[in-house]
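See below for the structure under consideration.
Hydrogens, waters and symmetry mates play no part in the numbers below; they use all other heavy atoms, side chains included.
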Amino acid sequence: MSTLNIKDRFNIELPADLITATSRRQVPNACFSFVKPKKTAKPTMLHVSPEMLSALGLTTKDAESDAFLKVFTGNEVLPNTNPYAMCYGGHQFGNWAGQLGDGRAINLAEVEHKGKTWALQLKGAGETPYSRTADGLAVLRSSIREYLCSEAMYHLGVPTTRALSLALSGDQVLRDIMYNGNPDFEKGAIVCRVAPSFLRFGSYEIFAARKDMGTLRTLVDYTLKQHYPHLGEPSKDTYLQFFKEIGEKSLDMVMHWQRVGFVHGVMNTDNMSILGLTIDYGPYGWLEGYDHGWTPNTTDSGQKRYRYGTQPEVVLWNLFQLAKALYPLIEETEALELILKNFRDKLGKARLVMMKSKLGLVETDKKDAQLVDELETVLQRSETDMTLFFRNLGNFKKKEAADGVSVIADAFYSPREITGKLEDAWKDWFLKYRERLKKEIPNDDDRKIAMNTVNPKYVLRNYMAQLAIDAADKGDYSVIEELFILLKQPYEEQKDAEKWFAKRPEWARNKVGCSMLSCSS
């Protein structure tokens, strides 16, 4: 552990909370509060990411040490470091929620290795001034989901925070899994999350809302210096470029979500990374049936604000809130509005490019948007598995007589429904798709190779994560390892893993944890 190259900046260069107690309170004029992780009863390390060990300059031997166990379960503080919880606000489900902050996350330190800086953060390590009425802890099920998903997303090519370790705390934690008045004790757990920064839109909103322009400017200038140094010295033009880059990164991120069928579930502004990373894996989910209206979040089941089909629009809405937060430093409404308008214009184009890549289309055709729209319409007329459909679509041959339906038949949850007008609609679309493919230069084999680089074969479906959770709850951690290895190569053919390339089993359709999840999930 002594090999960690500690290079703390955030808690040295930015203003700190003057009070050191963890009592819940409003924290003015500060970017963070110093806190210490809670010591746990009997910690056990369950899994460590070899990739992230290496990225931090650590070895397998380090991971097996008692020091590693103690530090990454919150039982020991790294020498010469001062752990802290970050202060931020946010819009939740469209409404300003005021101060939020790291309620169950504690930042240990920043580490520099091979020219990269990583912030180490424990999730579930105890109370902070921002915990509100909660205990600052996390449970095994949510920790497994976060640990597996953040690493799976990275290998899918989606911008994301990472995970170093997953551990049991040895404590029991009381949780009401579905918020229905039936709390129960669960195994406590801690994940070490890793990212260049955990700053989010709400980090800036809180100071703008409080009209604390001094701290807002200090934080923005710090962010420029540490994470956007190529933009140059702080100025109005630099702030505008800063906002523009954040927007571009955020739009790129959400297009990747749409591409692989990931639904975040709680896209509040406090869950939007300033670096365009997927952050805070709570009630997320993966599309089973291709349904633009699906959300995994029980809290959002009525409004469906954060459903799959609206995620790009929500990013734009969140960027608008960030623009309002940065406005006091820029004071140019027209310039900010122009950037936002350009983002909206880019959105439709980016989405078409993404969908064309999933269809193996490179050349330009004026009817491409119509072809995509017609596909999405017929996809949603019956329950059709997104991952299986697009992966198997690569097997379609443009010169064969097959109608195409047989090629993707395994993706239908109810194959008997594909008759009559619905079957005709599918056949009609495949005829148009075949004609469109004739304009493409690559042959069928090359097109399939290209499509397989954007259409994953394996994603972390909720039922898969639940199987790992159920096994782990009984002391069997082998499924965590199996999925961890599987999801490192999501685009590759893995002959020994074919069981995971399948539709959601019927038993999982309405099972808690496999369909809808709460924010405590």
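Relative to the ring axis of Tyr281, Arg145 does not place its NZ or CZ within 45° and under 6.0 Å from the centre. Both tests pass for Arg305 against the ring of Trp317: distance under 6.0 Å to the centre and angle within 45° of the axis.
The side-chain hydrogen bond (donor to acceptor under 3.5 Å, both in side chains) check on Thr161 picks up nothing, with sequence neighbours excluded. Partners of Pro442 according to the side chain to side chain contact (heavy atoms under 4.5 Å, CB included) rule, which considers only residues two or more places apart in sequence or in another chain, are Glu440, Asp446. Residues passing the side-chain hydrogen bond (donor to acceptor under 3.5 Å, both in side chains) test with Lys488: none are found, sequence neighbours excluded.
Note: Phe430 and Phe396 have tilted aromatic rings, judged against thresholds of 30 and 60 degrees for the angle between ring planes.
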message: Quick one, Thr387 with Lys503, criterion side-chain contact (heavy atoms from CB on, under 4.5 Å). Give me CA distance, side-chain angles, the key distance, then yes/no.
response: CA-CA 9 Å; Thr387 302; Lys503 297 187 289 286; over 6 Å; no

task: Decide ring pair (Phe, Tyr, Trp, His ring centres under 6.0 Å) for His292 and Tyr290; before the verdict, give the C-alpha distance in whole Å, the side-chain angles of both, and the deciding distance to 0.1 Å.
output: CA-CA 7 Å; His292 279 208; Tyr290 190 77; 5.3 Å; yes

- request: Take Glu205 and Arg200 through the test salt bridge (Lys or Arg N to Asp or Glu O under 4.0 Å) and record every step on the way to the result.
  value: CA-CA 9 Å; Glu205 286 185 283; Arg200 63 261 335 263; over 6 Å; no

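Ring centers of Tyr130 and Tyr88: at least 6.0 Å apart, outside the cut-off.
To the nearest 0.5 Å, the span separating CG on Leu122 from OG1 on Thr73 amounts to 8.0 Å.
Atom OH of Tyr491 is surrounded by more than 12 heavy atoms from other residues, nucleotides or ligands within 6.0 Å. Remark: Asp424 CG is packed, more than 12 non-hydrogen atoms of other residues, nucleotides or ligands lying under 6.0 Å away.
Each of Arg504, Met386, Arg509 was evaluated against Glu288; a single residue qualifies, Arg504, per the side-chain contact (heavy atoms from CB on, under 4.5 Å) test. For the salt bridge (charged side-chain N to carboxylate O under 4.0 Å, His left out) with Asp368, the lone residue among Arg436, Lys349, Arg351, Lys432 that qualifies is Arg436.
The pair Lys38-Asp135 does not count as a salt bridge, with every side-chain nitrogen at least 4.0 angstrom from each carboxylate oxygen.
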